[in-house]
Peer 1: 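The structure is given below, and queries will be raised subsequently.
Note that the numbering runs from 1 along the sequence shown for the chain. Atoms within a ligand are numbered from 1 in the order they appear, just like the ligands themselves. Note that the structure is predicted; figures quoted are calculated from it, not measured.
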Amino acid sequence: MSSTEDTEFTNRVAFITGGGRGFGKAFGQALAQRGARVVLADIDPVAGEQAAAELRANGGKAEAVVCDVANEEQVEHAINQVAANHGGIDILINNAGLHSAAYNEPLAVSGIAKLRRLFDVNLMGVIICSMAARKAMSGRPGAAILNISSAAAYGCQTAYGVSKLAVRGLTVTLAGDFREDGIRVNAIAPGLIFTDTIRAELSPELVSAVKKQQILDREGEEKDIVEAMLYLCSARASFITGETLRVSGGFTLQV
Ligand SMILES: NC(=O)c1ccc[n+]([C@@H]2O[C@H](COP(=O)([O-])OP(=O)(O)OC[C@H]3O[C@@H](n4cnc5c(N)ncnc54)[C@H](O)[C@@H]3O)[C@@H](O)[C@H]2O)c1
């Protein structure tokens, strides 16, 4: 990215959780490049600030805020501050999530404390951020929430998959609840996508096992998820709400 351009996203305010790296940063880059004002909300202050600085260096309007999506007070404070400074919020991307690799084990091995934190971040985080942003988004033209589920939600071999199945269900619930505010709510279920974290976490054996379960024989890339985000947050998707779009190369497809 080297400059910004005028698009339907110009001057729209986008609040992206887990914005410091991976998908969140890539979503921020794509929206900032298209003229949006991007807020990167991350529990890691260094990652968030570095990502925002990178976007600004490329001509984007970007800032970082620090919050844990599972913490109501922190989320409300961050969202209210952004709404007060910028007049409202148009796009909320509930992307922050704890990852599959750390939960690729039986429930008894994880233990209750680790499982509670998983559901607090991956599920309650989506509820907390959506409820906190509702007022700031209500009635704004094209207002859209995008949740990040996972292809793991379709198999549910791990607690991680269950947390992401709940995100799919919640996407339907929120779409109904927020209809009266004119806010569409959709989700993306990515397959295995090669972010820096995934490259560092997954063994080559697991990567090749996943690829064997895809229909398409190539690695998923961040830009595949970015394209889906741009579509679902745009006016082109104005008749779509409550849906989860799989972007997975056909990973473990079932009818
Ligand atoms: N990469 C994949 O292959 C893949 C596949 C399916 C789903 N997903 C989902 O996509 C989302 C992003 O994945 P990624 O690969 O970009 O992850 P990542 O680990 O690279 O980045 C996640 C970011 O979220 C932040 N974060 C973590 N917990 C947080 C919290 N409680 N509050 C605020 N910020 C927090 C981290 O600091 C980090 O910057 C996650 O929800 C993940 O489960 C990823």
Side-chain angles (χ1 to χ4, degrees), residues 15-30 39-52 54 64-79 92-104 114 116-129 132 146-156 158-168 170-171 187-202 206-207 210-211 213-214 219-226 228-229 244-249 251-252:
F15 191 96
I16 304 169
T17 70
R21 61 174 76 81
F23 293 169
K25 182 178 168 190
F27 293 151
Q29 267 166 346
V39 181
L40 303 177
D42 207 290
I43 198 169
D44 177 345
V46 177
E49 197 42 67
Q50 275 176 357
E54 217 178 286
V65 296
V66 181
C67 67
D68 174 351
V69 293
N71 183 308
E72 276 169 86
E73 288 77 31
Q74 289 179 19
V75 168
E76 276 170 23
H77 178 75
I79 284 185
L92 167 67
I93 305 185
N94 286 313
N95 162 75
L98 295 176
H99 252 292
S100 56
Y103 293 87
N104 205 8
K114 191 172 164 187
R116 205 185 284 284
R117 178 66 181 159
L118 172 74
F119 282 91
D120 263 355
V121 174
N122 287 13
L123 179 60
M124 289 309 299
V126 176
I127 295 176
I128 289 169
C129 293
L146 182 68
N147 300 327
I148 306 302
S149 175
S150 169
Y154 296 81
C156 288
T158 62
Y160 171 80
V162 178
S163 75
K164 293 298 189 176
L165 173 64
V167 171
R168 282 173 53 205
L170 186 60
T171 300
I188 298 172
L192 183 60
I193 307 292
F194 283 81
T195 58
D196 292 343
T197 308
I198 286 290
R199 276 192 203 286
E201 276 186 2
L202 294 195
L206 191 55
V207 169
V210 169
K211 275 177 72 180
Q213 296 175 70
Q214 294 176 184
E219 290 185 355
E221 299 172 31
E222 276 178 4
K223 68 176 167 51
D224 297 313
I225 308 304
V226 167
M229 176 280 290
T244 297
L245 176 62
R246 282 200 237 187
V247 183
S248 66
F251 175 78
T252 59

Peer 1: If you have a sec, work out which protein heavy atom is nearest atom 38 (C) of ligand 1 and how many Å separate them, to one decimal?
Peer 2: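 Here the nearest protein heavy atom works out to Arg21 NH1, 3.1 Å.
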Peer 1: Which residues satisfy the side-chain contact (heavy atoms from CB on, under 4.5 Å) test with Asp196, sequence neighbours excluded?
Peer 2: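 In terms of side-chain contact (heavy atoms from CB on, under 4.5 Å), with neighbours along the sequence ignored, Asp196 is linked to no residue.
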Peer 1: Just to be sure I read this right, does ligand 1 sit under 4.0 Å from the backbone of Asn95, its side chain, both, or neither, counting only heavy atoms?
Peer 2: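 Both backbone and side chain.
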Peer 1: How many angstroms lie between atom CG of Leu98 and atom CG of Asn122, to the nearest 0.5 angstrom?
Peer 2: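 Separation between the atoms: 5.0 Å.
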Peer 1: For Asn95, does its backbone N or O pair with a side-chain atom of Thr17 as donor and acceptor, under 3.5 Å?
Peer 2: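 Side chain of Thr17 to backbone of Asn95: a pair is present.
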Peer 1: Step by step, work out the side chain to side chain contact (heavy atoms under 4.5 Å, CB included) result for Ile225 and Phe27.
Peer 2: CA-CA 9 Å; Ile225 308 304; Phe27 293 151; 3.6 Å; yes
Peer 1: Which ligand 1 atoms are under 4.0 Å away from a heavy-atom of Gly22?
Peer 2: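 Result: 16 (O), 20 (O).
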Peer 1: Got the closest protein heavy atom to atom 17 (O) of ligand 1, with its distance?
Peer 2: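 Here the nearest protein heavy atom works out to His99 NE2, 2.9 Å.
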Peer 1: Can a non-hydrogen atom of Glu222 be found less than 4.0 Å from any atom of ligand 1?
Peer 2: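 Not so, Glu222 does not reach ligand 1.
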Peer 1: Looking at atom 42 (C) of ligand 1, what's its closest protein heavy atom, distance included?
Peer 2: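 Nearest neighbour among protein heavy atoms for atom 42 (C) of ligand 1, to 0.1 Å: Tyr160 OH, 3.7 Å.
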Peer 1: Quick one: look up the protein heavy atom nearest atom 24 (O) of ligand 1 and list residue, atom name and how far away it is.
Peer 2: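 Going by distance alone, atom 24 (O) of ligand 1 is nearest to Gly18 CA, 3.2 Å.
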Peer 1: At less than 4.0 angstrom from any non-hydrogen atom of Val121, what atoms of ligand 1 do you find?
Peer 2: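 It comes down to these atoms of ligand 1: 31 (N).
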Peer 1: Can you report which non-hydrogen protein atom sits closest to atom 32 (N) of ligand 1, along with the distance?
Peer 2: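 Going by distance alone, atom 32 (N) of ligand 1 is nearest to Val69 N, 3.0 Å.
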Peer 1: Determine, stepwise, if the pair Met229 / Phe23 fulfils side chain to side chain contact (heavy atoms under 4.5 Å, CB included).
Peer 2: CA-CA 10 Å; Met229 176 280 290; Phe23 293 169; over 6 Å; no
Peer 1: What is the nearest protein non-hydrogen atom to atom 44 (C) of ligand 1, stated with its residue, atom name and distance?
Peer 2: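 The closest one turns out to be Phe23 CE1, 3.5 Å.
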Peer 1: Quick one: are Tyr103 and Val162 in side-chain contact, heavy atoms under 4.5 Å?
Peer 2: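 No, every pair of side-chain atoms sits at 4.5 Å or beyond.
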Peer 1: So is Ala152 touching ligand 1 or not, going by heavy atoms under 4.0 Å?
Peer 2: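 No, Ala152 has no heavy atom closer than 4.0 Å to ligand 1.
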Peer 1: Which atoms from ligand 1 have a heavy atom of Gly97 less than 4.0 Å away?
Peer 2: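 Numbered from 1, ligand 1 contributes 40 (C), 41 (O).
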Peer 1: Measuring from Arg199:CZ to Ile193:CD1, what's the distance to the nearest 0.5 Å?
Peer 2: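 If we round to the nearest 0.5 Å, Arg199:CZ and Ile193:CD1 are 11.0 Å apart.
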Peer 1: Under a 4.0 Å threshold between the charged nitrogen and the carboxylate oxygen, would Asp42 count as salt-bridged to Lys25?
Peer 2: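 Here Lys25 does not pair with Asp42 in a salt bridge, since their nearest N and O are not under 4.0 Å apart.
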Peer 1: Would you say Asp68 touches ligand 1, if touching means a heavy atom closer than 4.0 Å?
Peer 2: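 It does; at least one heavy atom falls under 4.0 Å.
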Peer 1: Kindly confirm or rule out an N or O of Ala41 lying under 3.5 angstrom from an N or O of ligand 1.
Peer 2: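 N/O-N/O distance below 3.5 Å does not exist for this pair.
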Peer 1: Search all heavy atoms of Val226 against all heavy atoms of Ala30 and return the closest pair with its distance.
Peer 2: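 Heavy-atom minimum between the residues: CG1-CB, 3.5 Å.
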Peer 1: Does Ala52 have any side-chain contact (heavy atoms from CB on, under 4.5 Å) partners at least two apart in sequence or in another chain, and if so, which?
Peer 2: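 Applying side-chain contact (heavy atoms from CB on, under 4.5 Å) to Ala52 gives Leu40, Glu49, Arg56, Ala62, Ala64.
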Peer 1: For a side chain to side chain contact (heavy atoms under 4.5 Å, CB included) check, start with the C-alpha distance between Val167 and Asn94, then their side-chain angles and the critical distance, and finish with the verdict.
Peer 2: CA-CA 10 Å; Val167 171; Asn94 286 313; over 6 Å; no
Peer 1: Looking at ligand 1, would Gly19 count as a contact under a 4.0 Å heavy-atom criterion?
Peer 2: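 Gly19 does not count as a contact of ligand 1 under the 4.0 Å cut-off.
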Peer 1: With a heavy-atom distance limit of 4.0 Å, tell me whether Pro190 approaches ligand 1 through its side chain, its backbone, both, or neither.
Peer 2: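 The answer is both, backbone and side chain.
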Peer 1: With heavy-atom distances below 4.0 Å as the criterion, list the atoms of ligand 1 near Thr195.
Peer 2: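 Checking each atom against Thr195, I get 1 (N), 15 (O).
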Peer 1: Hey, is Ala189 touching ligand 1 through its side chain, its backbone, both or neither, going by heavy atoms under 4.0 Å?
Peer 2: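 Neither; nothing of Ala189 gets under 4.0 Å from ligand 1.
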Peer 1: Just verifying a value: how many Å separate Asp68 CG and Arg117 CZ, rounded to the nearest 0.5 Å?
Peer 2: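 Answer rounded to 0.5 Å: 4.0 Å.
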Peer 1: Report yes if Ile193 has an N/O atom closer than 3.5 Å to an N/O atom of ligand 1; otherwise report no.
Peer 2: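 Looking only at distances, the answer is yes, because the N/O contact criterion of under 3.5 Å is met.
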Peer 1: Arg117 near ligand 1, heavy-atom distance under 4.0 Å?
Peer 2: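 Yes, Arg117 has a heavy atom closer than 4.0 Å to ligand 1.
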Peer 1: Who's the nearest protein heavy-atom neighbour of atom 28 (N) of ligand 1, and how far?
Peer 2: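 Protein heavy atom at minimum distance: Ile43 CG2, 4.1 Å.
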Peer 1: In terms of residue, atom name and distance, what is the protein heavy atom nearest to atom 18 (P) of ligand 1?
Peer 2: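 Of the protein heavy atoms, Thr197 OG1, 3.5 Å lies nearest.
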Peer 1: What is the distance from atom CG of Leu170 to atom OG of Ser163, rounded to the nearest 0.5 Å?
Peer 2: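 So the gap between those two atoms works out to 11.5 Å.
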Peer 1: Would a distance-only check, ignoring hydrogens and angles, find a side-chain to backbone donor-acceptor pair under 3.5 Å from Lys164 to Cys156?
Peer 2: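 The answer is no, because no donor-acceptor pair under 3.5 Å joins these two groups.
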Peer 1: Measure Ala151 to ligand 1 on non-hydrogen atoms and call it side chain, backbone, both or neither using the 4.0 Å cut-off.
Peer 2: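 It is neither part, as no heavy atom is under 4.0 Å.
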